[in-house]
Amino acid sequence: MSNSTCSRCTCIIRREVIFERSIGDNANDVQRSTQRKRTYEEAVEDAGFGLFHGLLLVVCGWANASDAVEILCVSFLLPTARCDLHLSSSDMGLLTANIFLGMMIGGYMWGYLADQRGRQKVLVMSLTVNGVFGALASFAPRFWLFLLLRFISGVGVGGSIPVIFSYFSEFQPRLKRGAMISALATFWMAGNILAAGLAWLVIPRTWVRFSLGGLDFQSWRLFVVLCSVPSLTSALIFSLAMPESPRFLMEAGREIEALRVFCRMFAINHRGSLKTFSICGLHIPSEKKERETRRGGTHTWCFVNLLKQGLAPIRQLFVGELASRSVCLVVIFYCISFGYYGLWMWFPELFKRAEDGGSPCANVSRLQSHDNQSCYPVKTAVYMEGFITAASNLPGNIFTVLLMDVIGGKALLCCSLLLSSVSVFLIYEVKTKAQSLLISCVFSGVSVVAWNSLDVLGTELYPTQLRSSALGFFTGIGRVAAIMGNIVFGQLVDTNCVIPVLLVSALLLTGGITALRLPRTKQAELT
């Protein structure tokens, strides 16, 4: 997907002037035409749909999967790392919550930068921060240092998650957008499966143990290093091969650069075809050109001014017709994040506690003695069950891709949240380990539909200049909820884990009801 892919594009002018231009030529050589200028939606349609979008899906999907790996790897560490780092249940709750604190800060910070400076650059930086500090955490000899490095890694994860969906959606034609964003969201499942598979293959291996400068390098530390590889490779791919979002370029008044991106899309999608790229101008409203001029002017780097500029998009989210949908999304993101991450991050630990049979919440005395048990030898069944639970996302992802553009994100979001609430409530009633695994798989398969629907709705409900900031803000709200969910589980899992389970069920029910008030966005045009 490099610039050389679209080596030559022919611009056909209706006044009987035909000229050729190379993508590598100086932008000043690009001639103006009297042909009617295309809007963004028209240009995306004219660029076609094909190989470019397939490659884009793979690249963005790998980045999305890398975020999932980095977040979920912590949950697979708990059964073994708790001994090496001397963790109590409260410490484990703090560890799982810590990365979400970083994501909360990074989400809005990177989202704001993406709306101001571009999607592609921000993705490279955030993915690099994620991978580098995630890998460094494996060498931390003390819990506090491990906690700090995971926090910084979380700042990187918080940026790439909202920005990747904004970036990806802005290349999609209107009629394909819902299905393609749903397909991108399925890569979260791939990352989940990859993390569970790596944990299953690496952590139980006793031969992965050696001393490194006084550090006892156990198998779980190697697992942490391997989990950073997807983020680093994604950063490398984005820096070398991926273009800037054409929608962002048009919004910034950078018409020539946007034309070059559309030309690349056209050339890759019509490889081997005799068709020529005939778009010679893009319709960019004058106020957007003025906005770009102001961006290039003098900046006053005063802290107060920077703070005002950074908070300005948040104020815009709660003004006019955007206010009601923003309030609804705040509630929904809070409910689903508290429920999903609060429960999901503890599944491996709960599976370990259910190894002797029965419900993990059934015998308080057994759970309270858990901290005194040895972490070794590692029981592989814990990771096998985590892998099965991760794989159970597949039916929900297939269902979403096939029906997103038919039913719409709003209906899918409501139904999936209500069904998720019921499945979590049933955890309270499980009596055996097998029942616990079954209910966990049902929750996994149903809840992923809600996340996929939310990804689609989030990109379609807001205009380009607010899209990444909005997603960053709402995911930040979600991180607050995830932090609270993990702390609540950490505090109560040893005494009365029924309370957080029922609380999760109630919150998911609240989110499903709130989703009924969102506007319908099926196959809507991006503004």
Side-chain angles (χ1 to χ4, degrees), residues 61-81 96 99-100 134 157 161 182-204 219-220 223-224 226-231 336-337 339-355 360 378-401 416 419-420 423-424 427 430 433-455 482 485-486 489 504 508:
W62 182 240
N64 191 30
S66 72
D67 291 332
V69 170
E70 202 63 43
I71 293 173
L72 299 173
C73 77
V74 174
S75 66
F76 293 108
L77 300 177
L78 297 181
T80 52
T96 55
I99 191 171
F100 295 109
V157 177
I161 288 179
S182 297
L184 174 62
T186 64
F187 280 84
W188 185 271
M189 173 199 67
N192 199 337
I193 293 175
L194 178 59
L198 281 174
W200 189 7
L201 291 173
V202 175
I203 294 180
S219 57
W220 66 266
F223 170 66
V224 173
L226 294 176
C227 285
S228 67
V229 173
S231 294
I336 191 173
S337 298
Y340 180 84
Y341 289 114
L343 188 61
W344 187 271
M345 298 293 283
W346 282 86
F347 271 151
E349 181 68 10
L350 294 177
F351 285 145
K352 181 176 176 60
R353 296 184 178 200
E355 277 296 305
V378 178
K379 296 181 179 180
T380 58
V382 174
Y383 301 101
M384 179 188 68
E385 290 155 2
F387 183 84
I388 293 173
T389 304
S392 63
N393 275 250
L394 182 59
N397 278 302
I398 295 175
F399 181 83
T400 310
V401 172
S416 57
L419 291 175
S420 296
S423 66
V424 172
I427 294 177
V430 299
K433 177 184 173 183
Q435 291 176 352
S436 178
L437 178 59
L438 176 62
I439 294 300
S440 300
C441 289
V442 172
F443 173 73
S444 174
V446 173
S447 62
V448 73
V449 177
W451 280 113
N452 293 353
S453 303
L454 206 52
D455 291 334
N486 278 281
F489 265 85
V504 166
L508 291 173

* Asked: Taking all non-hydrogen atoms of both residues, which atom of Val504 and which atom of Gly339 are closest, and how far apart?
  -> CG1-CA, 3.4 Å
* Let me know which of Ile193, Val449, Val448, Ile398 forms a side-chain contact (heavy atoms from CB on, under 4.5 Å) with Asn393. => Val448
* Structure fact -> Nearest heavy-atom contact between Ser228 and Glu70 is CA-OE1, 3.7 Å
* **Derivation and outcome, side-chain contact (heavy atoms from CB on, under 4.5 Å), residues Trp188 and Ile71** => CA-CA 11 Å; Trp188 185 271; Ile71 293 173; 3.4 Å; yes
* **Shortest non-hydrogen contact between Phe223 and Ala199, atoms and distance** => CE1-N, 3.4 Å
* Find the distance between OG1 (Thr186) and CG (Asn452) and round it off to the nearest 0.5 Å. => 7.0 Å
* Asked: If you take all heavy atoms of Ile203 and Phe76, which pair is closest and at what distance?
  -> CD1-O, 3.5 Å
* Distance, nearest 0.5 Å, that separates OG of Ser444 from CD1 of Ile388 -> 11.5 Å
* About how many Å separate CD1 of Ile336 and OG of Ser447, when rounded to the nearest 0.5 Å? -> 7.0 Å
* Structure fact -> Distance col, row Leu194:CG vs Met189:CE, nearest 0.5 angstrom, shows 11.5 Å
* Asked: When rounded to the nearest 0.5 angstrom, what is the spacing between CG in Leu226 and CG in Leu201?
  -> 10.0 Å
* Asked: What is the minimum heavy-atom distance between Tyr340 and Asn192, and which atoms define it?
  -> OH-ND2, 4.2 Å
* Flag, side chain of Ser416 to backbone of Ala450, donor-acceptor distance under 3.5 Å -> yes
* Over all atoms of both residues, closest heavy-atom pair of Ser392 and Pro395 -> O-CD, 3.2 Å
* Look at the rings of Phe387 and Trp200 and say which category their plane angle falls in: under 30° parallel, 30 to 60° tilted, over 60° perpendicular. => tilted
* Structure fact -> CD1 of Ile99 to SG of Cys73, rounded to nearest 0.5 Å, is 6.5 Å
